[in-house]
Amino acid sequence: MRFVFLEASLETIPPEIADHEVVRRDAKRRGKRPEEILLDDSKHHRAMEGLENREKRGRPDIVHQCLLALLDSSLEDFEVYVHTVAGKVIRVNRKTRLPRNYNRFVGLMEDLFRKGKISAGGDVLLEIVDVGIDELISRNAVVMHEGYDVRPLLEAAGSEGLVVCIGAFPHGDFDDELWRIFEEKGVRFAGFGDRPRTSLYVTYKTVCILEGFS
Ligand SMILES: C[S@@+](CC[C@H](N)C(=O)[O-])C[C@H]1O[C@@H](n2cnc3c(N)ncnc32)[C@H](O)[C@@H]1O
């Protein structure tokens with residue numbers, strides 16, 4: 001089984017706002033270069049005005065919470081990938097003991113974006129990999145989305161090569177390229193009713209359901 005968090009709001013400061021005063025001040029305070037720090041809406045809100053795709057950016061806390069929920073689960077034998085809003089793909093070793101503290105998570109992700117890989121005790125824990133998102137989403141994928149019911153997830157649970165996809169951005173919907181991939185692969189959609197839910201809610205609930213089949 002594979003989990004893929006899609007368009008996660010996780011990226012370093014983009015070049016077009018690296019010179020903005022709120023970004024420079026924050027980077028200086030943290031003893032880092034502006035391009036090395038994570039974009040965070042709660043700190044760089046003013047600098048983010050006018051940034052392309054702004055409503056989906058600057059919320060690393062969302063994927064942080066989702067990863068904690070998934071890695072805390074009693075599920076076994078699963079892969080975890082984070083596809084970022086900037087199109088990078090991060091492979092997460094499920095044995096990773098992710099920092100529970102947000103500031104420490106931010107520091108770890110900044111190291112990852114700088115080095116490309118985080119290892120400990122001979123294991124690669126986190127790695128930016130050269131894999132296209134279309135390679136991670138197979139025909140046996142279930143994309144979690146509002147407006148659907150849970151049956152397709154229940155039917156797919158426990159099946160060989162299941163891929164579960166959950167968006168990890170603050171607002172809006174999947175981008176056109178992802179919709180094209182969903183269509184091309186013939187994925188199924190499942191959900192918890194019409195009301196839009198948070199990524200954390202969807203992750204917890206999906207994990208609980210899948211734990212029931214493991
Ligand atoms: C677009 S993000 C919105 C996140 C939210 N603002 C937050 O802070 O976590 C939520 C993701 O959860 C999934 N989702 C949202 N509502 C859902 C629902 N009712 N049923 C199933 N999945 C849902 C979708 O994959 C969606 O991309």
Side-chain angles (χ1 to χ4, degrees), residues 1-11 38-45 48 51-73 75 78-90 92 98 100 102 105-106 109 133-134 136-157 162-213:
M1 178 161 52
R2 174 185 298 158
F3 286 84
V4 185
F5 292 103
L6 291 171
E7 291 187 81
S9 198
L10 176 70
E11 63 181 318
L38 284 199
L39 180 68
D40 187 329
D41 184 46
S42 67
K43 296 175 188 158
H44 312 130
H45 188 81
M48 289 177 68
L51 209 55
E52 195 191 341
N53 215 5
R54 194 234 171 284
E55 75 285 357
K56 279 188 168 172
R57 302 172 73 175
R59 289 289 309 278
D61 56 301
I62 295 177
V63 75
H64 179 218
Q65 293 178 340
C66 293
L67 285 172
L68 288 175
L70 177 58
L71 299 176
D72 272 353
S73 80
L75 291 172
F78 60 91
E79 299 176 352
V80 188
Y81 287 88
V82 174
H83 162 255
T84 73
V85 72
K88 293 195 172 161
V89 173
I90 301 166
V92 181
L98 209 63
R100 307 193 83 80
Y102 175 68
F105 170 78
V106 167
M109 291 300 124
I133 187 61
D134 56 326
L136 294 177
I137 300 174
S138 69
R139 194 174 152 66
N140 193 16
V142 175
V143 176
M144 302 309 295
H145 200 280
E146 65 262 32
Y148 293 86
D149 72 43
V150 75
R151 259 172 300 171
L153 179 67
L154 297 174
E155 284 160 15
L162 172 63
V163 180
V164 177
C165 299
I166 301 172
F169 44 89
H171 303 289
D173 205 345
F174 298 118
D175 76 13
D176 292 349
E177 176 62 6
L178 284 177
W179 282 108
R180 191 193 58 73
I181 294 170
F182 297 158
E183 197 176 327
E184 181 188 295
K185 305 277 177 173
V187 305
R188 283 159 295 174
F189 294 89
F192 306 116
D194 288 340
R195 191 172 145 196
R197 300 286 185 175
T198 65
S199 304
L200 180 60
Y201 174 96
V202 174
T203 303
Y204 267 131
K205 200 151 169 152
T206 302
V207 162
C208 288
I209 288 172
L210 295 173
E211 279 179 340
F213 287 84

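Just so it is clear, the structure is predicted and the values come from calculations on it, not from any experiment. All ligand and atom numbering here is 1-based and tracks the order in the structure.
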Any N or O on Pro196 sitting closer than 3.5 Å to an N or O of ligand 1?
no
I need the nearest protein heavy-atom contact for atom 11 (C) of ligand 1: residue, atom name and distance, please.
Gly167 O, 3.4 Å
N/O of Phe192 under 3.5 Å from N/O of ligand 1, yes or no?
yes
Students should be able to answer this: which protein heavy-atom is nearest to atom 8 (O) of ligand 1, and at what distance?
Ile62 CD1, 3.6 Å
Near Gly193, which atoms of ligand 1 are under 4.0 Å from a heavy atom of that residue?
19 (N)
Is it true that Tyr148 lies under 4.0 Å from ligand 1, counting heavy atoms only?
no
For atom 1 (C) of ligand 1, the protein heavy atom that lies nearest, with its residue and separation:
Phe169 CE1, 3.1 Å
So is there a nitrogen or oxygen of Asp194 less than 3.5 Å from a nitrogen or oxygen in ligand 1?
no
Closest approach of any protein heavy atom to atom 9 (O) of ligand 1, naming residue and atom
Ser199 N, 2.9 Å
closest protein heavy atom to atom 6 (N) of ligand 1 is Pro170 O, 2.7 Å
Atom 23 (C) of ligand 1: the protein heavy-atom neighbour that sits closest, reported with distance to 0.1 Å:
Val202 CG2, 3.4 Å
To check you understand the geometry: which heavy-atom pair defines the closest contact between Val92 and Val82, and what is its length?
CG2-CG2, 4.1 Å
Starting from atom 25 (O) of ligand 1, find the nearest protein heavy-atom neighbour and note its residue, name and distance.
Met144 O, 2.6 Å
Under a 4.0 angstrom heavy-atom cut-off, which atoms of ligand 1 come close to Gly172?
1 (C)
Check this for me: Arg139, atom CZ, are more than 12 non-hydrogen atoms of other residues, nucleotides or ligands nearer than 6.0 Å?
no
Those atoms of ligand 1 less than 4.0 Å from some heavy atom in Ile166
25 (O)
Taking everything shown except Arg54 itself, do over 12 heavy atoms lie less than 6.0 Å from its CZ?
yes
Mode of His171 contact toward ligand 1 - side chain, backbone, both, neither (heavy atoms, under 4.0 Å)
neither
Only heavy atoms of Phe174, strictly under 4.0 Å: list the atoms of ligand 1 that pass.
25 (O), 27 (O)
Counting only nitrogen or oxygen atoms and a 3.5 angstrom limit, does Thr198 reach ligand 1?
no
Using non-hydrogen atoms of the residue, decide whether Cys165 is closer than 4.0 angstrom to ligand 1.
no
Could you list the donor-acceptor pairs under 3.5 angstrom formed between side-chain atoms of residues 140-148 and any protein atom two or more places apart in sequence or on another chain?
| residue | atom | partner | partner atom | Å |
| --- | --- | --- | --- | --- |
| Asn140 | OD1 | Arg188 | NH2 | 2.4 |
| Asn140 | ND2 | Ser159 | OG | 3.1 |
| Asn140 | ND2 | Glu160 | O | 2.7 |
| His145 | NE2 | Asp173 | OD1 | 3.0 |
| His145 | NE2 | Asp173 | OD2 | 3.3 |

Note the single closest protein heavy atom to atom 19 (N) of ligand 1, along with its residue, its atom name and the distance in Å.
Arg195 O, 2.8 Å
Checking Asp40 against Tyr102: is there a side-chain donor and acceptor pair closer than 3.5 Å?
yes
From Ile166 CD1 over to Leu6 CG, what is the distance, rounded to the nearest 0.5 angstrom?
9.0 Å
